Amino acid sequence: MLLTKAAAEGRFALQRCRDCGTFCYPAHDACPVCLSVELALEDAPTGGLVVSETTVRVPADVYFRERAPWRVALVKLDCGPVVLAHLHTGCGEGHRVTMSLQLDKAGLAAAFARPANASPDAADDPQWREMTASPKFRRALVTDGRTAVGQATAAALAAAGATVHVGIAEPWKPFDGEALPQSCEIVPLDVTDERSVRDLAADIGGKVDILVNTAEYARPGGLLDRRGTGTIRSEIEHNYLGLVHLAQTFGPAMRGRGADGVDSAVAWVNLFSVYALANWPAYGTFSAVEAACLSLSHCLRAELRPGGIRVINLFTGPLDTEWFQTVPPPKVAPQTLAKAIVSALDRGIEDVFVGDVAEDVRRRLQANPKALEHELARQGNGQAGQ
């Protein structure tokens, strides 16, 4: 479990002795060289050499038995330790490899060795696809195609090789879909309407491999500068209850298809404001609803995990959209967020922070949560990190 956090964030990290600098693997209570107990998890060099390999044809584990033969290897890392790793088809004994930590279907960290000089089709390796959620050859649903983020996401997924369905609420309203590739299929979907979500799930729920929830409703303001609960209700209906409707209708079908071979259902992607982690009073009620959605996402992750479905949470600072026009830069462009979504799927990671503001909030939250809370309160309509 020590390496799981690093794997979830896409980092290759090992224990390292703070006294002598030795990297350790597997996990130790004390440094094997100097016996120091000052061991910390640090990013490690990813290079290595395959010193031996084998093909397991009758694995003891039921999961791997259904996918046999399965290749594994001993890899001598450039930083010292020898690691047992899953092996990419393009690698063999004596080959230089690039190491990564991947989350397997059980949500645990697993070492993986890939070719140091990967070919364009390296992502098609069956063992690698089991460790990631690559959109290539898969069917995706983007829940809200009316937003700039939704359209950019649909275009990025289509460019990555996915077949994309794009949800459009109230289809009778004018819709400018020029940003969408012609290959995308428009489907009726209003996440605030339980019947609309249920009808679409009955139609395509058994075909969706990747669901990207791009529904958003963000309005400035906190508690005391508002009268009534209308705006807060809308935030809850679009963001929180929308996620509930999607999870209850699409979730069971996706969980049941998590083991359908190389093109199985693989991922559920949620987009959150980083202020779900630390309330920003300038968007106070929106931040609170996002925090509730994040908690719900953790519940969804736990319930989808037995089916092998990866729940990916992307955290961003203010987006470069109409509802954050008065917020000063830096802001995250929809195209940047869309690229981050595809990258997270390709790499198989679960927690992604997109943009300078999100990274800054994460660092400050880890260093001193109380200081970040006070700074956000002082800044009013400003941003952390400005």
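Quick caveat: nothing in here was measured; it's all calculated off a predicted structure. Side-chain atoms are counted along with the backbone in the values below, which use heavy atoms only and exclude waters and symmetry mates. Numbers here are sequence positions counted from 1.
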Using a distance-only test with no angle check, is there a side-chain donor-acceptor pair under 3.5 angstrom linking [X] and [Y]?
{"X": "Asn270", "Y": "Ser297", "result": "yes"}
{"X": "Ser196", "Y": "Asp190", "result": "no"}
{"X": "Thr132", "Y": "Gln102", "result": "no"}

Locate the shortest heavy-atom distance separating [X] from [Y]; write the atom from each residue and the value.
{"X": "Ser100", "Y": "Trp128", "value": "OG-CZ3, 4.0 Å"}
{"X": "His238", "Y": "Ala215", "value": "O-CB, 4.3 Å"}
{"X": "Cys20", "Y": "Cys31", "value": "SG-SG, 3.5 Å"}
{"X": "Val51", "Y": "Val75", "value": "CG2-N, 4.5 Å"}
{"X": "Pro69", "Y": "Gln127", "value": "O-OE1, 4.3 Å"}
{"X": "Ser36", "Y": "Glu38", "value": "OG-N, 3.0 Å"}

Between [X] and [Y], does at least one N-O distance fall below 4.0 Å, as a salt bridge requires?
{"X": "Glu350", "Y": "Arg305", "result": "yes"}
{"X": "Asp351", "Y": "Arg301", "result": "yes"}
{"X": "Arg347", "Y": "Glu9", "result": "no"}
{"X": "Arg233", "Y": "Glu237", "result": "no"}
{"X": "Arg364", "Y": "Asp360", "result": "yes"}

For the [atom1] atom of [X] and the [atom2] atom of [Y], what is their distance to the nearest 0.5 Å?
{"X": "Arg18", "Y": "Cys34", "atom1": "CZ", "atom2": "SG", "result": "13.0 Å"}
{"X": "Thr153", "Y": "Lys339", "atom1": "OG1", "atom2": "NZ", "result": "12.5 Å"}
{"X": "Leu41", "Y": "Asp43", "atom1": "CG", "atom2": "CG", "result": "8.0 Å"}
{"X": "Leu157", "Y": "His165", "atom1": "CG", "atom2": "NE2", "result": "12.0 Å"}
{"X": "Arg363", "Y": "Asn368", "atom1": "CZ", "atom2": "CG", "result": "14.5 Å"}

So does Asn117 have more than 12 non-hydrogen atoms from other groups sitting under 6.0 Å from CG?
-> no
Ignoring hydrogens and geometry, is there a side-chain-to-backbone donor-acceptor pair from Arg255 to Gly308 under 3.5 Å?
->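 Answer holds: no.
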For the pair Arg310 (side chain) and Ile349 (backbone), establish whether a donor and an acceptor sit closer than 3.5 Å, ignoring hydrogens and angles.
->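 Checked: no pair found.
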Are Val361 and Phe272 joined in one hydrophobic group, where the rule is that I, L, V, M, F, W and Y side chains link up if heavy atoms are under 4.5 Å apart?
-> yes
Verify same cluster id: Tyr275, Leu365 (apolar side-chain graph, 4.5 Å) = yes
Aromatic ring pairing Phe315/Phe353, orientation class (parallel under 30°, perpendicular over 60°, tilted between) |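 Parallel: the ring planes of Phe315 and Phe353 meet at under 30°.
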Student check: side-chain heavy atoms of [X] and [Y] closer than 4.5 Å:
{"X": "Phe23", "Y": "Asp78", "value": "no"}
{"X": "Asp144", "Y": "Val191", "value": "no"}
{"X": "Leu246", "Y": "Trp268", "value": "yes"}
{"X": "Val166", "Y": "Leu180", "value": "yes"}
{"X": "Arg16", "Y": "Leu14", "value": "no"}
{"X": "Phe286", "Y": "Trp280", "value": "no"}

Going by the salt bridge (Lys or Arg N to Asp or Glu O under 4.0 Å) test, name the single residue among Asp346, Asp125, Asp209, Asp124 that passes it with Lys136.
->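 Result for salt bridge (Lys or Arg N to Asp or Glu O under 4.0 Å) with Lys136: Asp124.
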For Leu345 and Val269, what are the C-alpha separation, side-chain angles and deciding distance, and is it a side-chain contact (heavy atoms from CB on, under 4.5 Å)?
-> CA-CA 9 Å; Leu345 292 168; Val269 183; 4.0 Å; yes
Take Leu200 and Phe250, measure what side-chain contact (heavy atoms from CB on, under 4.5 Å) needs, and give me the verdict at the end.
-> CA-CA 9 Å; Leu200 182 62; Phe250 284 90; 4.0 Å; yes
Cation-aromatic face contact Arg219/Tyr217, 6.0 Å, 45 degrees = yes
